[in-house]
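As structure tokens, the structure follows; a few thoughts come after it.
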Amino acid sequence: MSVFKIQGGRPLSGSVRVQGAKNSVLPILAATLLSEGVCVLHNCPRLTDVDHTLDILRHLGCRVAREGETVTVDASAPTGWAVPDSLMREMRSSVVFLGPILGRMGQAELTYPGGCELGPRPIDLHLMALRALGAEIEERNGRLFCKGKLTGGDITLSLASVGATENAMLAAVMAEGTTTITNAAREPEIVDLQNFLQALGAKIRGAGSSVIVIEGGKPLHGGEHTVLADRIVAATYLSAVAAAGGEGEVTGVDWRQLSTVTAVLAEAGCQVESGAQSVRIRVLGRLRSVRPIRTAPYPGFPTDAQAVVMAALCKAEGATVFAENMFDSRYRHVDELARMGADIRVEGKVAVVCGVPCLFGARVRAADLRGGAALALAGLGAEGETILSGLHHICRGYSDLAGDLRALGAEIVREEEIVTES
Ligand code: EPZ
């Protein structure tokens with residue numbers, strides 16, 4: 001079994017370039033299915049979620065090639081419209097294929113994505129949006145059977161769901177006529193998806209605001225695109241410096257896309273300097289607690305940064321209240337942090353982090369992607385050695401967490417550990 005071995009208690013010093021965004025490249029790869037030509041994507045991070053998405057594209061008859069950080073997809077002659085359960089189970093966000101498969105093939109079949117480590121992950125808004133464009137969707141034996149010629153329509157989302165917005169956009173570019181998506185998610189990844197679709201010739205505007213308008217129904221040609229930098233990975237690395245002390249820099253990212261996170265780190269006492277495509281952070285002493293942190297849709301505080309910022313505040317002076325408003329089960333890192341000496345109390349969606357003078361290295365296990373990253377960060381700020389397992393969660397969203405943290409001066413290595421029958 002692979003584990004991370006982390007020697008904590010030493011301040012960091014270094015600089016790291018941020019990888020391409022997982023939550024941007026996944027919908028963009030699904031969108032390549034809409035192109036009748038060849039798509040070339042640069043800055044594609046090496047993630048298991050990306051590998052699974054490429055497997056789905058190959059299963060649907062696309063030709064896929066990767067060379068370093070560049071992925072090429074030829075969707076000129078797709079042959080399939082059904083995604084097998086084996087591929088759906090690898091990644092629940094594969095539901096974003098529903099819109100593009102239906103739009104390109106006129107029918108689609110995929111497994112109803114189950115919940116995940118974060119709790120139930122309903123897709124009622126995805127289905128509502130596609131039905132508003134004329135899709136006939138039947139749910140039978142855990143599978144979704146969809147068909148119909150899509151026509152433009154008005155979609156109003158009851159909440160600004162990222163995935164539902166993306167599915168609606170991808171279906172609407174194939175739907176004859178005008179589609180308006182109201183209460184659309186405003187994440188930077190939505191803007192990146194719009195930029196990619198425009199490169200393919202789609203008539204789409206408004207991404208980044210709550211209203212997106214698409215003039216659909218025309219075939220899309222091939223195109224080239226560079227994937228946006230991952231703002232959550234950037235937040236992770238800034239939080240690593242906050243957790244361990246010292247100084248550090250993340251490059252290749254637009255500071256404005258993580259300003260709610262840098263504002264919290266500055267309030268905690270970090271010195272934060274934002275450049276055009278970089279953020280520098282310096283820790284000048286023991287951090288202090290901050291005003292309550294409430295997760296919210298963009299541009300609010302990102303739920304994906306909750307765990308890593310919590311890890312940074314475990315040793316802060318005073319108590320910080322977190323309210324996790326986006327997912328039902330996103331505190332699974334708390335018990336593992338407690339094994340390291342953290343003092344955190346969870347009541348429903350609220351977690352109260354009472355700062356302790358120090359953390360101690362321990363054997364801990366990742367239960368989900370961002371919680372796993374948070375445990376690595378806590379290990380950097382702990383006295384002694386931390387052994388972190390469950391790395392398959394981390395590889396979903398970080399192409400090289402250990403390597404990137406080493407670039408910031410961390411002592412962290414990946415090792416194979418022989419598991420003895422206990
Ligand atoms: C995306 O998930 C991200 N994943 C998540 O990142 C991120 O945490 C989330 O957006 C919020 O920012 C990808 O982009 C691949 P939502 P998504 O639909 O689209 C409810 C990570 O760590 N909802 O905006 O699934 C839902 O239950 C991952 O990188 C419905 O009720 O998020 C949740 O409470 C984790 N019905 C809320 O909306 C629906 O049909 C927000 O979910 C859809 C969602």
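One-based numbering, in listed order, for ligands and for the atoms of each.
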As an exercise, identify every atom of ligand 1 less than 4.0 angstrom from a heavy atom of [X].
X    : answer
R121 : 2 (O), 17 (P), 25 (O)
L118 : 35 (C)
S93  : 15 (C)
L125 : 36 (N), 39 (C), 40 (O)
R330 : 8 (O), 22 (O), 35 (C)
R370 : 21 (C), 22 (O), 29 (O)
I123 : 39 (C), 40 (O)
R92  : 25 (O)

Does an N or O from [X], backbone or side chain, lie closer than 3.5 Å to an N or O of ligand 1?
X    : value
T303 : no
M326 : yes
G163 : yes

*asked:* Measuring from non-hydrogen atoms of A185 to any atom of ligand 1, is the shortest distance under 4.0 Å?
replied: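 Under 4.0 Å: no for A185.
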
Mind checking whether E189 has a heavy atom under 4.0 Å from ligand 1?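 Distance cut 4.0 Å: E189 fails for ligand 1.
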
Please check if any side-chain donor atom of [X] sits under 3.5 Å from a side-chain acceptor atom of [Y], or the reverse.
X    : Y    : result
D404 : Y398 : no
R365 : S389 : yes
Q306 : T295 : no
E416 : S2   : yes

query = Which protein heavy atom lies closest to atom 18 (O) of ligand 1, and at what distance to 0.1 Å?
reply =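 Checking every protein heavy atom, the shortest distance to atom 18 (O) of ligand 1 gives S161 OG, 2.7 Å.
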
Among protein heavy atoms, which lies nearest atom 31 (O) of ligand 1, and at what distance?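 Ranked first by proximity to atom 31 (O) of ligand 1 is P122 CG, 3.3 Å.
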
Heavy-atom distances under 4.0 Å are what count here, so tell me which part of [X] touches ligand 1: side chain, backbone, both or neither.
X    : answer
D124 : both
L159 : side chain
F327 : side chain

query = Quick one: does Y331's side chain have a donor or acceptor within less than 3.5 Å of a partner on K349's backbone?
reply =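 Answer holds: yes.
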
Is it the case that atom CZ in R280 sees more than 12 heavy atoms from other parts of the structure closer than 6.0 Å?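 Yes, the 6.0 Å shell around CZ holds more than 12 heavy atoms from other groups.
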
State, to 0.1 Å, how close R186 and S210 come at their nearest heavy-atom pair, and which atoms those are.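 Looking at all heavy atoms of both residues, the shortest contact is CD-OG, 3.6 Å.
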
Contact summary for A311 and L377, nearest pair of heavy atoms: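 Taking every non-hydrogen atom into account, CB-CB, 4.2 Å.
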
